[in-house]
Amino acid sequence: MSDTELRQRLEELRQELRFHNYQYHVLDEPIISDYEYDQLLLELRQIEEQHPEWITPDSPTQRTGAPPADKFEKVRHPSPILSLSNAFVAEDVYAWLERIAKVDERALEADFVVEPKLDGLSVVLHYRDGVFVQGATRGDGEIGEDITGNLRTIRALPLRVPVTDDTSSSVPHPPSYLVVRGEAFIRLPDFEELNCKQEAAGEKTYVNPRNTAAGALRQLDSSLTAQRPLTLLVYQIVAWQDDLSTPSPSGPPATQYETIAYLRALGFPTPESTYCANLDEAIAAHHAWEERRQELDFEIDGMVIKINDHQLFADLGVVGKDPRGAVAFKFPAEEVTTQLLDIGVNVGRTGVLTPYAVLDPVEVGGVVVRQATLHNFDYIFEKDIRVGDRVRVKRAGDVIPYVIGVVEAARTGQEQPYTPPATCPDCDQPVERIEGEVAWYCVNAACPAQLVRNIEHFVSRGAMDIVGLGVRIVKQLVEEGLVSDVADLYTLERSALLSLEGFAEKKADNLLEAIAVSKGQPLSRLLTALGVRGVGEVVATDLAGRYPDLEALAAASVEGLESIEGIGPNIAHAIVDWFQRPANQGVLRKLRQAGVWPTAEIIETQHAASLPLNGLTFVVTGTLPGFTRQQAKEFIQTHGGKVTGSVSKKTDYLVAGEKAGSKLSRAEELGVSVIGEDELREMAR
Ligand code: IVH
């Protein structure tokens with residue numbers, strides 16, 4: 001290729017990558033697979049390696065790789081980065097309007113925009129000729145810290161605006177200098193996934209999304225920031241300057257509603273904004289959002305009500321650091337205080353000991369909370385949490401409630417500092433701390449608590465799905481010595497079950513039947529069920545696609561495993577290690593003898609094309625009457641369909657059951673067909 005052609009290809013690749021990045025991270029509607037994206041990026045990297053002089057700061061290759069810094073430089077904001085005053089009930093909001101109307105009575109006639117108040121960190125982003133050149137924290141509102149390298153790693157942040165090269169009039173041309181403000185944060189599902197990974201790697205879990213986002217943005221080494229799933233929403237124009245030689249056709253938007261539309265048209269991720277003709281409508285919008293709050297995949301602590309007209313907003317002025325023209329109308333706290341009655345310790349499947357708080361029962365966000373997580377023993381010491389303390393407890397979305405800290409002012413002197421147990425609370429064997437890890441472990445392989453957790457996991461819905469084998473029965477089986485590993489489930493005798501308390505004939509027969517049925521579960525499920533560190537449903541499915549049975553997998557090498565996409569050295573070692581352990585080999589022998597030995601069903605491509613759901617993409621949500629979510633997924637897959645996790649334009653059908661939440665609204669928005677279980681079964685005939 002000539003240099004001219006190469007240059008052209010480079011521009012094409014950048015444009016395409018920008019577009020796909022935007023589809024994925026801003027619109028949540030990916031058009032190509034991650035693999036295809038990586039291929040494009042690789043090609044671009046190769047061209048840039050040949051021609052380093054062509055690298056520009058807005059190239060999609062420049063998201064990572066900033067050299068680690070030893071401190072953050074200071075950045076003066078072009079205009080003050082203001083805060084907000086709070087309102088807690090509707091009366092406060094009416095009082096706010098009355099107050100500001102005394103300063104400028106036009107406020108009484110004003111219209112408003114209502115936006116979610118995101119619980120993250122304020123960031124200030126500078127663009128020159130549409131290129132992202134600098135980003136800063138809020139700091140004291142006047143001066144912030146330069147975190148450009150860290151911000152670049154946020155994939156939702158456009159390195160260049162407009163994102164598309166579309167020259168049609170619908171895409172605005174930015175001024176030569178544009179500074180915007182937004183909020184960086186972590187979505188709840190991404191936060192949970194991050195913590196699952198930490199846990200699987202035996203590392204410390206993060207306490208909450210906000211602190212994790214704050215910590216990530218303040219890393220001096222941006223390669224660490226890149227590993228945290230940060231995202232961004234942009235809602236304000238802080239500075240707008242035009243080079244007189246190339247005047248842009250218009251000045252900045254005159255209202256907040258238009259500002260959001262303008263930022264969105266440039267390709268910035270923006271919050272959903274609601275236009276309200278008067279304050280009553282704004283308060284109604286706040287209530288409507290409050291209803292949706294539990295369904296959202298990010299944390300918000302209220303709604304921001306803003307005077308729509310920018311001129312009036314500016315004329316109203318500022319009190320201290322709070323503009324008069326906006327108010328944060330908070331939601332009732334999801335945070336409460338209560339007494340810490342005791343600290344208990346759970347023993348996990350891998351023997352890890354996790355402390356939890358036993359609380360004086362308290363209502364948080366409509367749910368009575370009796371227990372909350374304390375993460376790990378270090379956390380208890382860092383926060384100096386003592387038994388008897390008044391503690392602050394938070395619950396958000398589906399995240400397990402957790403103790404945030406102590407109300408020190410409420411101490412009486414009677415509180416007891418906590419000492420972690422020296423022995424396992426279940427088997428009484430000494431506990432150990434593994435070098436380099438925060439967790440303490442019970443290393444007794446025969447610990448009954450671990451066995452109970454292992455079996456609970458083995459029989460769970462996403463694994464072997466043995467219906468009717470709840471934790472109470474698992475405990476009974478372990479305590480009575482009827483099972484000493486998961487394979488023993490398959491040799492349980494009817495008479496032995498009948499000797500257990502609470503077991504009548506029908507119950508015993510049903511359980512034996514459910515156990516027998518589980519022998520037919522596919523290899524991927526058995527693999528998930530075995531509970532190898534790092535092997536969840538996704539990795540198990542990948543492994544089952546590669547190895548025909550457990551014998552073949554047991555013979556796999558670390559290198560062979562690592563060659564599978566999505567399997568890194570940690571998981572590869574964990575798998576090899578698991579299969580080498582004599583106790584596990586014994587379990588496998590027993591499973592095989594009992595006939596629990598699935599082989600991978602690799603569907604032939606030719607056959608696949610003739611399946612009824614071939615070529616269709618589904619998303620499953622809500623509670624279906626006759627399927628668990630996993631069963632519905634497998635049903636679709638065995639009939640040739642594809643199942644993905646989120647609704648996009650590429651989704652053909654959303655299979656929705658009862659209590660379908662945000663996915664249903666998303667499907668309706670995008671015009672994706674929504675079907676029920678019966679229609680799905682009908683289509684698969
Ligand atoms: S507007 C003049 N809008 O809340 C503009 N702030 O408690 C003042 N925040 O420091 C801010 N979401 O970090 C605004 N949609 C939103 C917001 C928002 C979150 C944060 C922001 C601010 C804090 C004030």
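Whatever order the structure lists them in is the order used to number ligands and atoms, beginning at 1. All of these numbers come straight from a predicted model, not from anything done at the bench.
In terms of heavy atoms, I237 sits closest to P253 at CD1-CD, 3.8 Å. The shortest non-hydrogen separation linking V304 to K117 is CG2-CB, 3.7 Å.
The heavy atom nearest to atom 10 (O) of ligand 1, out of those in R138, R181, M303, is found in R181.
The line from CG of L121 to CZ of R210 is 5.0 Å long, rounded to the nearest 0.5 Å.
Those atoms of ligand 1 with a heavy atom of Q236 less than 4.0 angstrom away are 5 (C). In summary, the atoms of ligand 1 found under 4.0 Å from a heavy atom of E115, numbered by their order in the structure, are 3 (N), 15 (N), 16 (C). Close approach to P323 involves these atoms of ligand 1, each under 4.0 Å from a residue heavy atom: 2 (C). Close approach to S122 involves these atoms of ligand 1, each under 4.0 Å from a residue heavy atom: 13 (O), 21 (C).
If you check which protein heavy atom lies closest to atom 4 (O) of ligand 1, you get K117 NZ, 3.2 Å. When only non-hydrogen protein atoms are considered, atom 13 (O) of ligand 1 lies nearest to E183 OE1, 2.8 Å. Nearest to atom 12 (N) of ligand 1 among the protein's heavy atoms is L118 N, 3.1 Å. Counting protein heavy atoms only, atom 14 (C) of ligand 1 is closest to Y235 CE1, 3.3 Å. In terms of protein heavy-atom proximity, atom 3 (N) of ligand 1 is closest to K306 NZ, 2.9 Å.
Within a 6.0 Å radius of CZ in R411, other residues, nucleotides and ligands contribute more than 12 heavy atoms.
Of the heavy atoms in A328, none comes closer than 4.0 Å to ligand 1.
Put simply, the side chain of I186 reaches to within 4.5 Å of the side chain of D190, judged on heavy atoms.
Looking at ligand 1, you'll find an N or O of P116 within less than 3.5 Å of one of its N or O atoms.
With respect to W240, the ring pair (Phe, Tyr, Trp, His ring centres under 6.0 Å) criterion is satisfied by exactly one of Y127, Y262, Y177: Y262.
One side chain, T255 or E258, offers a donor N or O that lies under 3.5 Å from an acceptor on the other.
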Using a 3.5 Å cut-off and no angle test, enumerate the donor-acceptor pairs between side-chain atoms of residues 81-93 and protein atoms at least two apart in sequence or in another chain.
from	atom 1	to	atom 2	distance (Å)
D92	OD2	F88	N	2.8
D92	OD2	V89	N	3.2

